[in-house]
Amino acid sequence: GVADGVGGWRDYGVDPSQFSGTLMRTCERLVKEGRFVPSNPVGILTAGYCELLQNKVPLLGSSTACIVVLDRTSHRLHTANLGDSGFLVVRGGEVVHRSDEQQHYFNTPFQLSIAPPEAEGVVLSDSPDAADSTSFDVQLGDIILTATDGLFDNMPDYMILQELKKLKNSNYESIQQTARSIAEQAHELAYDPTYMSPFAQFACDNGLNVRGGKPDDITVLLSIVAEYTD
């Protein structure tokens, strides 16, 4: 899973990474404790979010979230995506399945939030149930890329696919190296003022005259569907 804290909280003296980081660590713990159903990633998100809401010390912030679960027995991928992080499933060098982006309006993604009492109703807050859920049959060799919008806003599909073609095998080092090279390329493009990024393109489609990349947090997770024998 990946989550991306909403940067606007900095204006209120709140570290945006606290909320997203705690949300993912909580979801991870629930999964490790076996308290989840593979076919229901929204359930993981809901349980993690509810735990944050019940914290004795209030944790303020907002975050997008994307959770991807591979059910080994059924060879199915179950996903829940809230906001503009997301995933791609790549097979034979082509995108065969992907998440849908959820935006209220331009540059304002769906998000889970915990606001101070005085700001409730002002701060955007979506329910985990609003997440877009999908199920998809995967095959051996499928590549699953999960990332925050810092990747998708700066790198179009064809560039991501070019990098994935360099993946020679499914050993850890090779996957690690490819994930790193994708993130570094996105980071470089984010700071290029003349580059027509997917984000700039989207802004232009919304009547804004924008060029350049979009500096943003970039998290890239790469997984390959493989068969392991003991």
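All values derive from a computational prediction rather than experimental measurement.
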List the steps and the verdict of salt bridge (Lys or Arg N to Asp or Glu O under 4.0 Å) for Asp137 and Arg76.
-> CA-CA 4 Å; Asp137 288 323; Arg76 273 182 93 73; 2.6 Å; yes
Identify whether the distance between the nearest side-chain nitrogen and carboxylate oxygen of [X] and [Y] falls below 4.0 Å.
| X | Y | result |
| --- | --- | --- |
| Asp15 | Arg10 | no |
| Asp142 | Arg91 | yes |
| Lys166 | Glu163 | yes |

Can you hop from [X] to [Y] via hydrophobic side chains spaced under 4.5 Å?
| X | Y | value |
| --- | --- | --- |
| Ile143 | Val89 | no |
| Leu45 | Leu221 | no |
| Phe136 | Leu70 | yes |

Which value, rounded to the nearest 0.5 Å, describes the distance between [X] atom [atom1] and [Y] atom [atom2]?
| X | Y | atom1 | atom2 | result |
| --- | --- | --- | --- | --- |
| Glu227 | Ser170 | CD | OG | 11.5 Å |
| Gln201 | Asp153 | CD | CG | 12.5 Å |
| Thr178 | Glu173 | OG1 | CD | 11.5 Å |
| Glu94 | Leu161 | CD | CG | 8.5 Å |
| Ile175 | Leu164 | CD1 | CG | 11.0 Å |
| Leu88 | Phe152 | CG | CZ | 4.5 Å |

Indicate whether the side chain of [X] and that of [Y] have a donor and an acceptor atom separated by less than 3.5 Å.
| X | Y | value |
| --- | --- | --- |
| His78 | Ser135 | yes |
| Asp192 | Thr194 | yes |
| Ser85 | Thr148 | no |

Would one find more than 12 heavy atoms of other residues, nucleotides or ligands at under 6.0 Å from atom [atom1] of [X]?
| X | atom1 | result |
| --- | --- | --- |
| Gln103 | CD | yes |
| Lys32 | NZ | no |
| Tyr12 | OH | no |
| Arg29 | CZ | yes |
| Glu101 | CD | yes |
| His187 | NE2 | no |
| Asp11 | CG | yes |

Restricting to non-hydrogen atoms, name the atom on [X] and the atom on [Y] that form the minimum distance, rounded to 0.1 Å.
| X | Y | answer |
| --- | --- | --- |
| Ser127 | Leu82 | O-CD1, 3.8 Å |
| Ala226 | Leu140 | C-CD2, 3.7 Å |
| Val42 | Pro128 | CG1-O, 3.7 Å |
| Ser197 | Gly212 | OG-O, 2.7 Å |
| Thr64 | Phe110 | CG2-O, 3.5 Å |

Hey, can you tell me if His97 and Phe87 have their rings parallel, tilted or perpendicular (30° and 60° cut-offs)?
->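 It falls in the tilted class, 30° to 60°.
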Please answer whether the main-chain N or O of [Y] pairs with a side-chain N or O of [X] as donor and acceptor at a distance below 3.5 Å.
| X | Y | result |
| --- | --- | --- |
| Gln102 | Ala130 | yes |
| Tyr49 | Ser113 | yes |
| Asn154 | Lys214 | yes |

Begin with the C-alpha distance, continue with both residues' side-chain angles, and end with the deciding distance and a verdict on side-chain contact (heavy atoms from CB on, under 4.5 Å) for Ile144 and Ile224.
-> CA-CA 6 Å; Ile144 302 156; Ile224 295 184; over 6 Å; no
